[in-house]
Amino acid sequence: MFVGHYALGLAAKRLAPRTSLGALIAAPILLDLLWPIFLLVGWEYVSIQPNPNPFLRLQFDSYPISHGLVAVIGWATLFASIYFGVARYLVGAITIWCGVVSHWVLDYLVHRPDLPLYAGSSRLLGLGLWNRPKITMTIELAMFAAGILIYLRTTKAKNAIGNFAFWLFVLALVGLYVAVMFAPPPSSVKKLAIGTLFSWLFVAWAWWLDRHRVAPTNPSEVPTLIPSARN
Ligand SMILES: [Zn+2]
């Protein structure tokens, strides 16, 4: 799952309007931010296999540190605790915790049985929606559209950057999603890992664009958004 994770980050703005979109996006994609690092240092393994179904080209041989359910709960608790320590915003911390765990749940829906519960566990889970690429894409793009709509209804652009940077962010993600579908598979695991590391840029981008938008956290802030509505 790719843009489906971003969809939850966008939608989370409604639950925690005071939390930056950067943190709200980082939460549901955290496991895929960590995974390429673990691949590069040799702690986790993946192999690339030719397959006409672009969703099934990666065989996740071992990834209990980034994608084992027990570790995921640990990552969620760590990220939420750090966030709470810095921001002192409980709703945001809870939303971030749920966001990190949501990644595992969505991956569970789409992956073939390759998700471990913990390191060393022989039981691997996954419902395998990726075997039906059209259904996967439809669901994922519909989720992404819903996420965009919720984020747009929760926030308003303060300036032109707030609009353009947001739509560029959306276009880049959809473009990347479609490109990955039609592009040949990565030629090596190292290239795959380095390519995946670029997700960190989307976190920075989300943080930056969110600073150019405003989310009213109580009704009294609304008139500053629509000045003509009051007078
Ligand atoms: Zn993942």
Side-chain angles (χ1 to χ4, degrees), residues 1-17 19-40 46 54-55 58 63 66-67 72 75-76 78-80 82-83 86-87 92 95-107 110 136-137 139-152 154-155 157-158 160-183 186 191-213 215:
M1 181 132 315
F2 176 47
V3 291
H5 295 305
Y6 285 82
L8 291 196
L10 289 166
K13 189 73 176 175
R14 168 137 301 179
L15 298 175
T19 303
S20 163
L21 185 66
L24 294 173
I25 292 275
I29 67 165
L30 182 69
L31 312 185
D32 289 351
L33 294 171
L34 299 172
W35 176 65
I37 299 171
F38 298 153
L39 286 178
L40 289 171
V46 68
F55 287 111
L58 299 183
Y63 57 164
S66 64
H67 281 71
V72 169
W75 291 120
L78 180 69
F79 188 10
I82 293 172
Y83 177 82
V86 174
T95 305
I96 281 172
W97 191 92
C98 296
V100 177
V101 175
S102 79
H103 184 107
W104 195 92
V105 177
L106 289 185
D107 275 5
V110 297
T136 304
M137 277 187 92
I139 292 176
E140 212 170 340
L141 288 171
M143 283 173 71
F144 194 53
I148 292 168
L149 219 81
I150 294 170
Y151 180 75
L152 286 177
T154 311
T155 65
K158 280 191 222 171
I161 296 175
N163 254 327
F164 288 120
F166 175 73
W167 285 109
L168 216 61
F169 177 81
V170 167
L171 275 177
L173 282 170
V174 174
L176 206 64
Y177 186 60
V178 175
V180 168
M181 293 297 116
F182 293 100
K191 279 189 187 154
L192 165 73
I194 291 170
T196 311
L197 277 178
F198 278 95
S199 316
W200 285 88
L201 280 182
F202 283 100
V203 174
W205 192 344
W207 170 80
W208 175 66
L209 79 87
D210 199 58
R211 283 168 58 90
H212 293 277
R213 301 185 64 91

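Values below: all heavy atoms of this structure, side chains included; hydrogens, waters and symmetry mates excluded.
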Looking at [X] and [Y], would you say the former's side chain and the latter's main chain have a donor-acceptor pair under 3.5 Å?
X      : Y      : answer
His212 : Lys158 : no
Lys13  : Gly147 : no
Trp104 : His67  : yes
Trp200 : Leu33  : yes

Nearest atoms (heavy-atom pairs only) where [X] meets [Y]:
X      : Y      : result
Ala12  : Thr95  : CB-CG2, 3.7 Å
Leu24  : Ala16  : CD1-O, 4.0 Å
Pro36  : Leu197 : CG-CD2, 3.8 Å
Met143 : Ala7   : O-CB, 3.2 Å
Gly92  : Thr19  : CA-OG1, 3.3 Å
Ala157 : Gly162 : CB-C, 3.9 Å

Is the distance between the ring centroids of [Y] and [X] under 6.0 Å?
X      : Y      : value
Phe38  : Trp35  : no
Phe144 : Tyr177 : no
Tyr6   : Phe2   : yes

Assess the residue pair His103 and Val72 against the criterion (side chain to side chain contact (heavy atoms under 4.5 Å, CB included)); give the C-alpha distance rounded to whole Å, side-chain angles, the decisive distance to 0.1 Å, and a yes or no. CA-CA 9 Å; His103 184 107; Val72 169; over 6 Å; no

Steps toward side chain to side chain contact (heavy atoms under 4.5 Å, CB included) verdict (Leu10, Ile148): CA-CA 6 Å; Leu10 289 166; Ile148 292 168; 4.0 Å; yes

With heavy-atom distances below 4.5 Å as the criterion, would you say the side chains of [X] and [Y] are in contact?
X      : Y      : result
Leu58  : Leu192 : yes
His5   : Asp107 : yes
Arg211 : Leu21  : no

How are the rings of Phe166 and Tyr151 set to each other: parallel, tilted or perpendicular (split at 30° and 60°)?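 Parallel: the ring planes of Phe166 and Tyr151 meet at under 30°.
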
Going from CD1 on Ile96 to OG on Ser102, what distance comes out if it is rounded to the nearest 0.5 angstrom?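 Result: 12.0 Å between the selected atoms.
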
Gap separating the CG atom of Asp32 from the CD1 atom of Ile37, nearest 0.5 angstrom: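 The CD1 atom of Ile37 is 11.5 Å from CG of Asp32, to the nearest 0.5 Å.
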
Decide side chain to side chain contact (heavy atoms under 4.5 Å, CB included) for Tyr63 and Leu31; before the verdict, give the C-alpha distance in whole Å, the side-chain angles of both, and the deciding distance to 0.1 Å. CA-CA 10 Å; Tyr63 57 164; Leu31 312 185; over 6 Å; no

If you count every heavy atom of other residues, nucleotides or ligands that lies below 6.0 Å from Arg14 atom CZ, does the total exceed 12?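 It does: Arg14 CZ has more than 12 such atoms within range.
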
Could you walk me through whether Val110 and Phe55 satisfy the side chain to side chain contact (heavy atoms under 4.5 Å, CB included) test, starting with their C-alpha distance in whole Å, then the side-chain angles of each, then the deciding distance to 0.1 Å, before giving a yes or no? CA-CA 9 Å; Val110 297; Phe55 287 111; over 6 Å; no

